Amino acid sequence: MSTARALLICCLGCILCAQAAVAKRQVVLVASATSPLHDLDSLELRKIYLGFTVKRDGKTVKGLRNTGDKDLNRIFLQAVVAMSEKSYSRRLLSLTLRQGIPRPSEYNNAGQLLEALSSDPYSVTYMWKDAADRSADVKALRVLWQQD
Amino acid sequence: MAIYNRKRISLVLALTALFNVPPARPDGQQELLLFLSAGPTYHQVAPDDGPEDYEFDLDADILYTYLNGRFRLLGEYLAATDEVELERFQLGWQTGKESIGWIGRFHSPGRYWNAIYHHGQFLQTSISRPFIEQFEDDGGVLPTHSTGLLFETAHQLEHTAAFQFAFSFGAAPIIDRNELKPFDPLDPGSSNRAAADMRLAYLPDQLEENQIGLSLHWSELEVDGNHTAEQQGLRRVEQASIGVYLDWRWQEWRFLSSLTPVINRMKRQAHNQTDSFLAGYFQAEYEFINQWTVFGRLEQTNNTSSSDYLELFPHAVTDRQMLGLRFDLARQHALSIEVSRAETPSDGDFEQYLLQWSAVFP
């Protein structure tokens with residue numbers, strides 16, 4: 001095999017690997033690794049983040065917001081609640097004002113988010129799949145969004 | 001008056017300075033919100049005891065909620081240039097997935113506008129409220145506060161459609177010197193009688209806010225110190241209303257409308273008499289470029305001149321044609337301007353100009 005041909009194969013391999021890595025960019029719904037939660041469909045998840053009561057084993061499931069990453073927040077708004085930031089913010093304020101339901105807690109810091117998640121096994125949040133794979137404290141429940 | 005207003009403003013600012021978000025507790029969730037609004041109002045006509053020709057309003061509405069398991073607490077305190085009042089104080093117990101019973105002081109569920117906005121001015125697109133939705137101390141002629149029991153529930157239909165139902169029974173306001181005065185748990189009186197409210201709403205999608213609904217209201221309003229009422233020999237008013245309302249969003253549009261016939265049985269010393277009036281409004285809002293909203297409202301009340309009951313509230317704005325513009329200048333701040341032609345039973349037509357900054361923290 002000539003050197004040029006070997007280089008070409010290497011380049012093609014690198015491109016394919018990079019494309020595979022990009023294709024794997026996903027946002028996943030996660031819970032604490034010790035959580036008994038395993039199934040939450042899109043409607044239930046939307047309800048959780050809109051202040052409705054969703055229960056598992058008699059416990060209310062809480063949604064925690066991961067606000068540390070702008071792209072992640074944009075995907076959450078688009079894929080989970082299907083609202084603009086403005087509409088979602090007003091919807092939550094309105095819920096607090098009308099029914100006294102506090103807004104979902106927001107976390108800018110990944111460490112604090114994981115701590116909050118592990119302190120309540122019936123809480124969920126969302127993160128990049130690679131971040132979830134790196135952490136032994138969380139388990140992925142389902143894929144919320146995948147890059148085309 | 002100016003010194004009095006300055007003192008009120010100082011109190012509001014002091015309360016604002018004290019505002020601080022408390023730390024969350026692991027066994028429950030809590031939230032503290034501060035709704036602030038401020039701005040001038042100019043009236044073209046200034047009747048002697050009606051609205052002043054120029055007013056500056058500063059309102060600080062502090063809302064605290066605490067939720068732990070099935071238990072819920074909600075408190076709302078308003079400190080403004082013209083009043084300081086405990087607006088709501090409710091203790092709730094969630095009886096089902098979408099049902100909750102409350103005890104305490106609350107906003108009457110029969111008034112839809114109040115049920116969605118309360119004193120959260122930032123969430124309300126317009127600066128002014130429709131006549132039929134006015135709070136008692138702002139010229140309202142229907143009770144908006146009650147103290148007693150409130151029950152709210154929802155019944156899910158197919159997919160995400162749902163019926164929502166709210167019912168309350170509690171103490172009604174009295175007809176005070178120049179306004180309705182709701183029962184105050186911090187200063188309880190003995191002459192308050194009963195009030196009952198009900199609202200039934202149909203939501204095609206429970207996760208959205210579009211809805212149409214029906215509201216019913218009944219109350220007994222005791223006269224206590226109102227000069228006009230005493231001149232009429234009026235002892236008590238038995239009031240009933242049935243209203244329909246709509247709150248609908250379609251693309252960038254939002255429509256809010258209500259039609260409410262009100263029947264008043266005037267119980268006098270000599271003879272009883274019944275009068276009625278019909279109040280309606282239609283508000284349209286159009287949002288463009290995500291930050292700007294243009295809005296307008298038409299309000300009309302008929303039988304204003306023949307209603308003995310409305311005679312007790314001569315400066316209530318019963319008719320209005322209004323246009324306004326709102327600019328959301330930051331995530332939770334907005335600037336609004338409103339121009340309207342308003343009418344009261346005693347003052348006739350006049351123009352009104354309102355400018356307001358509103359915000360919510362945090």
Side-chain angles (χ1 to χ4, degrees), chain A residues 41-65 67 70 73-74 77 80-108 112-113 115-123, chain B residues 24 26-33 35 61 63-67 69-76 88 90-92 94 96-100 102 106-107 109 114-120 122-125 152 154 156 159-160 162 166 206-209 249 287 290-291 328 331-332 334 360 362:
Chain A
D41 62 34
S42 304
L43 184 61
E44 285 178 313
L45 190 61
R46 191 163 179 231
K47 280 187 167 183
I48 289 167
Y49 279 100
L50 287 176
F52 288 84
T53 304
V54 173
K55 291 197 169 187
R56 284 288 184 279
D57 311 324
K59 309 267 187 191
T60 302
V61 182
K62 282 183 201 165
L64 311 178
R65 283 192 69 187
T67 50
K70 276 186 180 174
N73 192 47
R74 185 178 48 76
L77 292 167
V80 177
V81 292
M83 283 183 187
S84 67
E85 175 78 55
K86 184 178 159 186
S87 300
Y88 184 55
S89 163
R90 286 201 192 167
R91 182 71 188 269
L92 295 179
L93 282 168
S94 176
L95 198 70
T96 309
L97 187 71
R98 282 184 294 169
Q99 295 178 2
I101 297 174
R103 295 175 289 180
S105 304
E106 294 184 1
Y107 295 90
N108 284 320
Q112 287 173 348
L113 176 65
E115 198 179 308
L117 202 65
S118 57
S119 69
D120 182 356
Y122 288 91
S123 61
Chain B
D27 52 344
Q29 292 172 271
Q30 59 187 337
E31 177 125 34
L32 188 64
L33 289 176
F35 286 90
D61 185 52
L63 184 92
Y64 174 74
T65 71
Y66 177 72
L67 188 151
R70 288 170 177 264
F71 174 75
R72 219 178 285 177
L73 181 150
L74 192 156
E76 186 179 22
R88 289 188 286 166
Q90 305 170 220
L91 299 174
Q94 196 168 353
K97 207 168 156 187
E98 294 185 33
S99 303
I100 184 164
W102 297 93
F106 44 82
H107 285 139
N114 286 327
I116 54 168
Y117 294 126
H118 299 278
H119 292 271
F122 170 76
L123 293 174
Q124 182 180 305
T125 308
E152 296 173 303
Q156 198 171 323
H159 194 50
T160 52
Q206 196 181 14
L207 303 183
E208 302 291 333
E209 291 173 297
R249 289 164 178 80
E287 189 181 316
N290 200 38
Q291 287 177 309
D328 283 278
R331 190 179 170 221
Q332 293 184 158
V360 58

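Below, each value reflects all heavy atoms present in this structure, side chains not excepted, and no hydrogens, waters or symmetry copies. Because the structure is a prediction, the values reported are computed rather than measured. Chain identifiers are assigned alphabetically (A, B, ...) following the order of the sequence lines, protein sequences preceding nucleic acid strands; residue numbering begins at 1 within each chain.
Looking at B:Glu208, the atoms closer than 4.5 Å to chain A (heavy atoms on both sides) sit in the backbone and in the side chain alike. Contact of A:Leu50 with chain B is made through the side chain alone, with heavy-atom distances under 4.5 Å. For a residue to count as touching a neighbouring chain, one of its non-hydrogen atoms must lie under 4.5 Å from one of that chain's; by this rule B:Leu207 touches chain A with backbone and side chain alike. With a threshold of 4.5 angstrom between heavy atoms, B:Asn290 approaches chain A through its backbone and through its side chain. For B:Phe106, no part sits under 4.5 Å from any heavy atom of chain A, backbone or side chain. With a 4.5 Å cut-off on non-hydrogen atoms, A:Thr96 touches chain B through its backbone and its side chain both. Looking at B:Gln90, neither its backbone nor its side chain comes within 4.5 Å of chain A, counting heavy atoms on both sides. The parts of B:Ile116 that come within reach of chain A are both its backbone and its side chain, each placing non-hydrogen atoms under 4.5 angstrom from that chain.
When each of A:Lys55, A:Gln99, A:Arg91 is scored by its heavy-atom pairs under 4.5 Å with chain B, the top score falls to A:Arg91. Your options are B:Glu76, B:His119, B:Glu287, and the one with the most heavy-atom pairs under 4.5 Å with chain A is B:Glu287. In terms of heavy-atom pairs under 4.5 Å with chain B, the best-connected choice from A:Ile101, A:Thr60, A:Leu95 is A:Ile101. Per-residue counts of heavy-atom pairs under 4.5 Å with chain B were compared for A:Val54, A:Thr53, A:Leu43; the largest is that of A:Thr53. Across B:Asp328, B:Val360, B:Ile100, the residue that shares the most heavy-atom pairs under 4.5 angstrom with chain A is B:Asp328.
Ring orientation note: the planes of B:His118 and B:His107 are close to parallel, at an angle under 30° on the 30°/60° scale.
With B:Phe122 as the aromatic partner, A:Arg90 meets the cation-pi criteria of under 6.0 angstrom to the ring centre and within 45 degrees of the ring axis.
Here OG1 of B:Thr65 is found 10.0 Å from CG of A:Leu97. Values are rounded to the nearest 0.5 Å.
Heavy atoms of other residues, nucleotides or ligands lying less than 6.0 angstrom from NZ of A:Lys59 number 12 at most.
A salt bridge links A:Glu44 and A:Arg56; the closest N-O separation between the charged side-chain nitrogens and carboxylate oxygens is under 4.0 Å.
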Between B:Tyr64 and B:Glu31, does the side chain to side chain donor-acceptor pair (under 3.5 Å) criterion hold? Intermediate values first, please. CA-CA 6 Å; B:Tyr64 174 74; B:Glu31 177 125 34; over 6 Å; no
Practice prompt. Would you sort out whether A:Glu85 and B:Arg331 count as a salt bridge (charged side-chain N to carboxylate O under 4.0 Å, His left out), showing the intermediate values?
Written response: CA-CA 9 Å; A:Glu85 175 78 55; B:Arg331 190 179 170 221; 3.5 Å; yes
Worked check of side chain to side chain donor-acceptor pair (under 3.5 Å) between A:Thr67 and A:Asn73
CA-CA 6 Å; A:Thr67 50; A:Asn73 192 47; over 6 Å; no
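Using modelled atom types, one side-chain atom of A:Tyr88 and one backbone atom of A:Tyr49 make a donor-acceptor pair closer than 3.5 Å.
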